[in-house]
Protein chains: 2
Amino acid sequence: MLNFQQKVIFMKKYFDVLRKCPLFIGIADEHIFKMLNCLGAKSESFDKKYTIIGEGNPAKFIGILLSGSAQIEQMDYYGNRTIVGRVEPSQLFSEAFACAQVDAVPVSVIANEPCDVFLIDCSHILHTCQNNCSFHQQMIFNLMKNLAVKIIVFHQKIEITSKRTTREKLMSYLMFCAKEVGSNSFDIPYDRQELADFLEVDRSGLSAEISKLRKEGVLTSTKKHFELL
Amino acid sequence: MLNFQQKVIFMKKYFDVLRKCPLFIGIADEHIFKMLNCLGAKSESFDKKYTIIGEGNPAKFIGILLSGSAQIEQMDYYGNRTIVGRVEPSQLFSEAFACAQVDAVPVSVIANEPCDVFLIDCSHILHTCQNNCSFHQQMIFNLMKNLAVKIIVFHQKIEITSKRTTREKLMSYLMFCAKEVGSNSFDIPYDRQELADFLEVDRSGLSAEISKLRKEGVLTSTKKHFELL
DNA sequence: ATAAATATGTTGAATTTTCAACAAAAGGTG
DNA sequence: CACCTTTTGTTGAAAATTCAACATATTTAT
C-alpha cells in the first residue's frame, strides 16, 4: 500500500522523465500511467553507492532510472573493476539481461548519486498482459530499438578500448565526447578512477598522461571538465 | 528473375538453416517461405575474404548467414583491426545497425569462407508489410530477444578484453570456450592473427605466451585446437 | 573551521607489450 | 615435387603499462 502510494508520487513527479523513456516512445501521455500499472512497476530508491542490481542474481527486472545516475560495472575475480557504461534519467538498465532471461546478471548497476527507479518484472514485458494491453506491441518494438542502440554504444566502447595505449584510448574517448556535444569544451561524467576503469587502464598512468597532454598544449582540463585545443 | 530463381534455390537448400534462424523462432515451417518473400529477401554469395557489409555504408540490410562463416571487424585509422565477433550459419548480422538505422555502419562483415546469405531490407522489418503479415509481431519479438543475447555476448567480450595482460586475456578466452563446449578440449574459430585481433593484443606476443603456457604445462595446442590441463 | 577522508598528481622500478626482423613450419598450386 | 605464399614461432630492443608509495589538492563531516 505504501509502495503503491510512492509509485503514484513517482509517476507524477517524474512524468517528464517517463515520457522520454525509450520504452514509451510513440505512446500517448495518458496511456503511460495505465501501462506502468499494467506492467506492475515497482518504485524504489537507492542511496549513493548502493547496488541497484547485483552481479550474479537472476535477471528479473527491467529498470527505468527516474533520477540520479548509475553505472554499469563488471568485476573480475581479482577485484578489477570495469565500467561498462552509465545510466542517466529516462534510460533503461538491465533490459538486455531481462529480455535474454539470463540466470545470472554479469554486471552490477550501482547508484552514483541517490536514485529513484522503477523496476518492471520482465515477465510482464515478455508475455502479453492479462488485459491484452494494446500498447504491448509498441513497447516490444521500442525495446528492440533501444537494444539496437545499446549495441551501437558497445561498438563505440570497443573502438575506444581496443586502442593499445592510454593516450590513444583517452584521446579517442575525449574526441568522441566532443563530437557528441558538438563542442571542444565539455564535461565528462567520470572521475579519474572511473575514467581509468572505463578506458581499462591504470589510474596513475592516466593522470600522468593527462598532465603530459596539458603540457603539450593538446588540452586543458580541470577535474571533469576538458577542452581540446 | 535470375535472382528470384537463386532465392528459391537457397530457400530449399538452406531450409534447415533458416528454421534455426533467431528471426523465425516460433514461426511454423510453412510460413517461413512466405515471410522471406514478404520481407523481400535478396540472396547473395560472397567469396572468401570478400566484404559482405562495408564499414561506413548506411545500414540498409539485416543479414542471415546461410553457409560459410563471417567475421565482424572494426578498423581504426591506423589500420589496426579489431575482431568484434564471428557469425555462423543461421545467425543474423548487421541487425543492430539496421534496427538502430545508423547512417554509417561502424564495422565490416567479412566472409571467412565462401558464404551464401539472405539480405533483408530493414524497412520491411521496421514497418509492417503491406499484406499485414501476421508474423511480423513475432519477428519483432524474436529480433528483440536476439539483440538482447548479442548484448550478453558483448559483456563476455568485455570481460575478456578488459584484462590487462595477454596471458589473462588468453586464459579468460580459453576458459570461456571450454565452459561453452563443456570440455577442456576444443577448437577455436580463430587463427593466431585473428585471435590476437579478437583479444586486442600483439600477435607475436600472443604466440610467445602460448608457447610459455605450453612449457609450463598449462595447456597443449596444435593450431586451432586447445586442451587445458 | 578543523580534521578526516577521498581524489588527483607525481615518480621510479618492475613488468609487459609492442615492434621489427627473421626463422621455421604449413598450406596451396601448377 | 618444387615453388611460392601464408601462418606461426622466436628473439631482443624500445616503448608503455602497471604497481607502489607518497605528495598535494579537494571534499565531506563534525
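Quick note on labels: first sequence line is chain A, next is B, and so on, each numbered from 1.
Between the P atom of C:dA7 and the CD atom of A:E194 lies a distance of 8 Å, rounded to the nearest Å. Counting to the nearest Å, the C1' atom of D:dC19 and the CD atom of A:E209 are 17 Å from each other. To the nearest angstrom, P of D:dT6 lies 11 Å from NZ of B:K48. With rounding to whole Å, B:L206 atom CG is found 16 Å from C:dT16 atom P. The separation between B:I210 atom CD1 and C:dA25 atom P is 18 Å, rounded to whole Å. The interatomic distance linking A:D202 (CG) with C:dT8 (P) rounds to 14 Å, in whole Å. The nearest whole Å value for the distance from the NZ atom in A:K212 to the C1' atom in D:dA15 is 10 Å. The NZ atom of A:K169 sits 12 Å away from the C1' atom of C:dT17 (whole-angstrom rounding).
Taking every side-chain heavy atom of B:V201 into account, C:dT18 is the closest of D:dG9, D:dT18, C:dT18. Residue A:A208 has its side chain nearest to C:dT11 when only C:dC19, C:dT11, D:dT17 are considered. Checking C:dT16, C:dT10, D:dT8 against every side-chain atom of B:R192, the shortest atom distance belongs to D:dT8. Of the candidate nucleotides D:dG9, C:dT17, C:dT10, C:dT10 has the atom nearest to the side chain of A:S211. Comparing D:dT7, D:dT18, D:dT17 against the side chain of B:D191 picks out D:dT7 as the nearest.
Taking a cutoff of 4.0 Å between a charged side-chain nitrogen and a carboxylate oxygen, B:D191 and B:K224 do not qualify as a salt bridge. Ion pairing between a basic and an acidic side chain is recognised when a charged N comes within 4.0 Å of a carboxylate O; B:E200 and B:K157 show such pairing.
Applying the side chain to side chain donor-acceptor pair (under 3.5 Å) rule to A:T161 yields no partners; only residues at least two apart in sequence or on another chain are considered. Applying the side chain to side chain donor-acceptor pair (under 3.5 Å) criterion to B:R19, with sequence neighbours excluded, gives B:D16, B:D29.
Side chains of A:S108 and A:E73: no donor on one and acceptor on the other come within 3.5 Å.
At D:dT17, none of the side-chain N or O atoms of A:R203 fall inside 4.0 Å of OP1 or OP2 (strictly under the cut-off). Contact check, A:R164 against D:dA15: no side-chain N or O comes under 4.0 Å of OP1 or OP2. Side-chain N/O atoms of A:K223 include one lying less than 4.0 angstrom from OP1 or OP2 on D:dT27. Taking side-chain N and O atoms only, A:S207 has no distance below 4.0 Å to OP1 or OP2 of C:dT8.
Using a 4.0 Å heavy-atom criterion, one finds that B:S204 contacts the bases of the nucleic acid, with or without backbone contacts as well.
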